[in-house]
Asks: 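Here's a structure for you.
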Amino acid sequence: MRGVRWRRAVSQAGRSVAVWGVSTLTMLVLAGILPDFRLQSADGDSATTIAVTAAVGAGVFGVLSALVWPLLVRLLLLVPALVLGLLVFFLNGSLLLLALRLNPSGQSEAAPETAVIVAAVMSAVASATGGALAVRDDDAYRRRLYRLADRRRRGGPACPATPGTVFLQLDGVGHDVLAQAVCKGLMPTVARWLGDGDGGDGDGDGDGEGTGGGDGTRTQGSHSPTHRPTHRLTPWRTDWSSQTGASQLGILHGSNHDVPAFRWYEKDSGEVMVCNRPTSAAELQRRAVQRTGDGGLLSADGASRGNLFSGGADEQALVLSIAARRRSRETRSRSGYFAYFSDPANAVRTALSFVAEVVREIAQSTRARLREERPRVGRGGLYPFVRAFATVVERDVVVAAVTGDLLAGRTAVYADLVAYDEVAHHSGPLGRDTEQVLGRLDRALALIENVAEHAPRPYRIVVLSDHGQSPGETFRARYGLTLGDLVRAGSGLPVPRRAVGVPPGFRHWGSTHSGAEARAAVRAALRRPVEEGGEHHRPSGRRSEPEPIVLASGNLGLISFPDVPHRMSKEEIDARHPALLTTLANHPGIGFLLVRSEEHGGVVLGASGAELPLGQLDAEPGPLAAFGPGAADAVRRTHSFPHTADIMVNSFHDPADGEVLCFEEQIGSHGGLGGAQARAFLLSPLALSAPVGNDEILSGAEHVHRVLRRWLRESNGPQVPLDTAPEERAA
């Protein structure tokens with residue numbers, strides 16, 4: 001035993017000396033390059049003196065970084081994540097200036113702005129050198145992970161021996177997109193889990209597309225797998241509102257009742273609810289908890305990372321539903337950043353990747369514009385920075401937080417990675433841009449898998465998505481007018497001059513924002529609870545009869561009449577605006593409408609006067625035929641919600657190519673029915689029971705919640721004792 005300890009001590013000392021030597025060399029090189037950074041007196045010194053000065057400076061800087069930096073980060077936990085990321089550079093530069101002043105030679109100095117650059121480069125080089133040496137030493141790597149785990153768990157209860165579960169949500173990645181990525185070799189880690197490849201270099205041949213088994217799980221094609229599969233791939237069907245707010249609320253809290261879309265108008269309060277607005281997210285979470293009587297999927301020893309909702313977890317980072325608590329004394333939402341920013345090299349590495357991603361987006365959008373690719377949407381303004389945040393900063397912080405949770409031995413972790421969804425909105429769900437993002441997400445899965453092997457308890461990794469994405473032009477690009485323009489025309493109101501085929505001389509109708517999930521993460525990081533400009537909370541108008549409120553959620557549109565306190569019926573709408581429903585239903589860009597009927601309770605309207613009561617949809621789907629099985633059930637369920645809009649509008653869908661027409665400015669969209677957006681996936685270990693039986697379809701986010709809760713019970717995970725199941729009591 002003493003011999004082993006001696007060898008470990010010698011190995012660790014050797015690595016420390018190597019890192020110190022590289023840092024010294026880096027300081028010497030920078031002193032020779034940067035004019036405002038010197039390691040010698042004005043009269044000049046010998047090479048030996050300069051070398052000793054650099055060695056001492058590098059050593060003092062290393063000691064200060066190791067001892068002082070963690071304390072500084074803990075003191076700054078109240079600072080928003082993005083601000084903390086920027087402060088890292090200035091604080092790191094301050095530590096270097098202090099190290100130079102403490103140097104006994106007294107000959108070294110640097111301008112403040114130069115010190116920031118020198119400190120950043122030295123931290124990055126030292127971290128890369130130490131990491132490269134540690135990777136070659138498995139024992140050292142394992143000890144480093146255990147030290148992090150001990151720091152995360154210090155003072156807490158002993159880690160149980162039962163398996164923990166980590167749920168990783170790949171936002172917007174549909175079932176078919178994942179399957180294609182595996183076949184193309186873009187996601188070798190997932191391929192290895194499914195037994196479809198070597199999982200090493202990502203060069204899987206993908207010669208054999210899997211087919212669906214009787215229970216909805218993925219089975220192998222004709223080729224023989226090179227690895228024994230460890231996971232099963234199961235598709236699941238989303239609700240009509242196929243977007244993160246509805247799906248994640250149902251998955252984490254067991255109920256997404258009365259969430260008809262991403263944004264909707266509530267007549268009783270006169271407010272527009274938006275799933276990625278912190279105040280709305282907090283209210284939706286409160287309603288779900290009240291309805292189920294259940295704290296959430298993560299209510300016992302759980303962690304929520306990068307989500308819209310907490311799931312009842314005690315540990316939270318980048319969670320939108322708590323971002324509105326400006327004056328809360330609790331810092332748990334920011335404490336997840338400590339594991340990441342405690343190493344200043346992480347901030348340097350993320351900043352460089354952030355800049356590279358901004359440049360990559362500008363280059364990709366320029367290439368698309370020069371090639372005149374269609375469909376295409378604008379990708380200027382702040383979008384390159386929003387994309388870089390989603391694909392770099394959010395990913396790095398969330399993965400680091402999950403790593404800390406695994407090393408701390410938490411029982412259940414749920415994390416959302418929004419990178420693919422953000423890029424797919426603007427580049428399309430299929431293509432070179434999104435394929436690159438899928439490859440990076442796969443590497444994140446591999447990293448988490450590697451860390452899980454060193455965790456103090458076994459872990460089961462479950463990967464899932466909240467929805468998919470459907471390709472297609474925007475409604476405005478194809479027809480020259482927005483849904484709002486069409487509603488105004490059908491209501492006899494003036495339409496903007498820019499609209500095609502309508503009289504000139506009219507006002508502009510506001511547009512909606514895209515990139516909802518990434519923008520929500522940015523606001524959570526900045527702790528800005530106010531929704532971005534352009535969203536009207538309360539309707540206003542100069543007319544005695546207020547204009548209808550038209551809101552878009554992907555290819556789902558919602559039309560409400562704010563002056564009528566109840567949900568209007570078809571008969572009332574026809575009496576007020578005789579041409580409106582006919583104008584909408586017969587437009588080639590509209591798939592179907594849902595309205596309340598005084599005679600039938602609810603009806604679906606389509607082109608050429610099609611009108612089907614909800615009770616007859618199973619026998620004759622009519623306008624819903626193109627939207628596949630389950631569409632009728634989804635529409636009936638939404639019709640039962642208290643805050644369903646007066647008119648629910650679903651855009652056209654072409655089953656041949658899966659195209660939909662988005663009411664927002666997105667060429668990859670989700671939010672309604674039609675195509676791949678409603679087909680999400682659930683990738684689960686074979687050690688867990690099958691999600692559904694042979695003849696059962698996994699349908700709806702609430703159904704997914706029940707499956708995940710069952711898996712946690714199988715692992716002796718968090719359970720909230722209830723007399724009856726939440727879904728039974730909610731009914």
Side-chain angles (χ1 to χ4, degrees), residues 157-169 190 193-195 213-219 228-236 247-248 250-255 292-305 307 311-315 402 405-406 408-415 445 448-449 451-453 455-466 680-729:
C159 185
T162 55
T165 308
V166 54
F167 303 102
L168 300 173
Q169 178 179 301
V190 176
W193 291 350
L194 292 172
D215 62 351
T217 62
R218 189 180 187 281
T219 58
R228 179 176 297 176
T230 60
H231 287 63
R232 65 171 66 86
L233 181 59
T234 308
W236 71 274
S247 293
Q248 198 177 86
I251 292 171
L252 287 177
H253 289 280
S255 173
T292 63
D294 185 303
L297 187 71
L298 312 172
S299 57
D301 192 30
S304 180
R305 309 300 187 187
N307 301 312
D314 290 330
E315 289 292 327
V402 171
D405 294 327
L406 296 180
R410 301 206 179 280
T411 302
V413 181
Y414 194 103
L445 297 179
I448 292 173
E449 179 189 34
V451 173
E453 294 176 355
R457 67 189 298 180
Y459 271 97
R460 292 167 175 172
I461 299 177
V462 176
V463 187
L464 73 161
S465 62
D466 48 348
F681 76 87
L682 180 60
L683 182 65
S684 58
L686 296 176
L688 298 170
S689 60
V692 289
N694 291 337
D695 300 324
E696 190 178 4
I697 297 175
L698 187 55
S699 180
E702 295 180 1
H703 193 176
V704 175
H705 170 84
R706 295 193 293 272
V707 171
L708 302 190
R709 184 174 287 274
R710 185 221 309 160
W711 287 343
L712 290 178
R713 288 196 297 267
E714 291 175 0
S715 301
N716 294 321
Q719 301 177 56
V720 178
L722 298 170
D723 296 331
T724 57
E727 59 273 10
E728 295 174 359
R729 193 169 58 255

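Positions are given from 1, in the same order as the sequence printed here. Since the structure is predicted, the reported quantities are computational estimates derived from the model, not experimental observations.
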Asks: Run the side chain to side chain donor-acceptor pair (under 3.5 Å) test against Ser304 and tell me which residues pass, sequence neighbours left out.
Replies: Asn307
Asks: Verify side chain to side chain contact (heavy atoms under 4.5 Å, CB included) between Arg710 and Arg706, making sure each step is shown before the conclusion.
Replies: CA-CA 6 Å; Arg710 185 221 309 160; Arg706 295 193 293 272; over 6 Å; no
Asks: With sequence neighbours excluded, what pairs up with Trp193 under the ring-ring contact (aromatic ring centres under 6.0 Å, His included) test?
Replies: His231
Asks: Say you draw a straight line from CZ of Arg228 to CG of Leu686; how long is it, rounded to the nearest 0.5 Å?
Replies: 10.5 Å
Asks: Quick one: pull up OG1 in Thr411 and CG in Leu712 and give me the separation to the nearest 0.5 Å.
Replies: 9.0 Å
Asks: Minimum heavy-atom separation for Ala701 to Ser247, with atom names?
Replies: CB-O, 3.4 Å
Asks: Could you tell me whether the side chain of Arg457 and the main chain of Gly409 form a donor-acceptor pair under 3.5 Å?
Replies: yes
Asks: Within the structure provided, determine whether Val707 and Trp236 are in side-chain contact (heavy-atom separation under 4.5 Å).
Replies: no
Asks: Looking at Phe681, is its backbone amide N or carbonyl O close enough to the side chain of Ser465 to form a donor-acceptor pair, meaning the two atoms are under 3.5 Å apart?
Replies: yes
Asks: Listed by chain and number, what are the side-chain contact (heavy atoms from CB on, under 4.5 Å) partners of Ser684, not counting sequence neighbours?
Replies: Arg232, Pro691, Trp711
Asks: To the nearest 0.5 Å, tell me how far Arg709 CZ sits from Asp294 CG.
Replies: 4.0 Å
Asks: CG/Leu682 to CG/Leu233 distance, rounded to the nearest 0.5 angstrom?
Replies: 8.5 Å
Asks: Just by distance, do the side chain of Arg460 and the backbone of Thr165 share a donor-acceptor pair under 3.5 Å?
Replies: no
Asks: Atom CD in Glu453, atom CD in Glu449: separation rounded to 0.5 Å?
Replies: 5.5 Å
Asks: Assess the side chains of Gln248 and Asp466: does a donor N or O sit below 3.5 Å from an acceptor N or O?
Replies: no
Asks: Do the side chains of Ile461 and Pro685 get nearer than 4.5 Å, heavy atoms only?
Replies: no
Asks: How many angstroms lie between CG in Leu688 and CG in Leu708, if you round to the nearest 0.5 Å?
Replies: 9.5 Å
Asks: Using a 4.5 Å cut-off on heavy atoms from C-beta on, say whether the side chain of Leu168 contacts that of Leu683.
Replies: no
Asks: Walk me through whether Ile697 and Val692 qualify under side chain to side chain contact (heavy atoms under 4.5 Å, CB included).
Replies: CA-CA 7 Å; Ile697 297 175; Val692 289; over 6 Å; no
Asks: Minimum heavy-atom separation for Tyr459 to Asp405, with atom names?
Replies: OH-O, 3.6 Å
Asks: In sequence, state the C-alpha distance, the side-chain angles, and the governing distance for Leu464 and Tyr414, and then conclude on side chain to side chain contact (heavy atoms under 4.5 Å, CB included).
Replies: CA-CA 10 Å; Leu464 73 161; Tyr414 194 103; 3.8 Å; yes
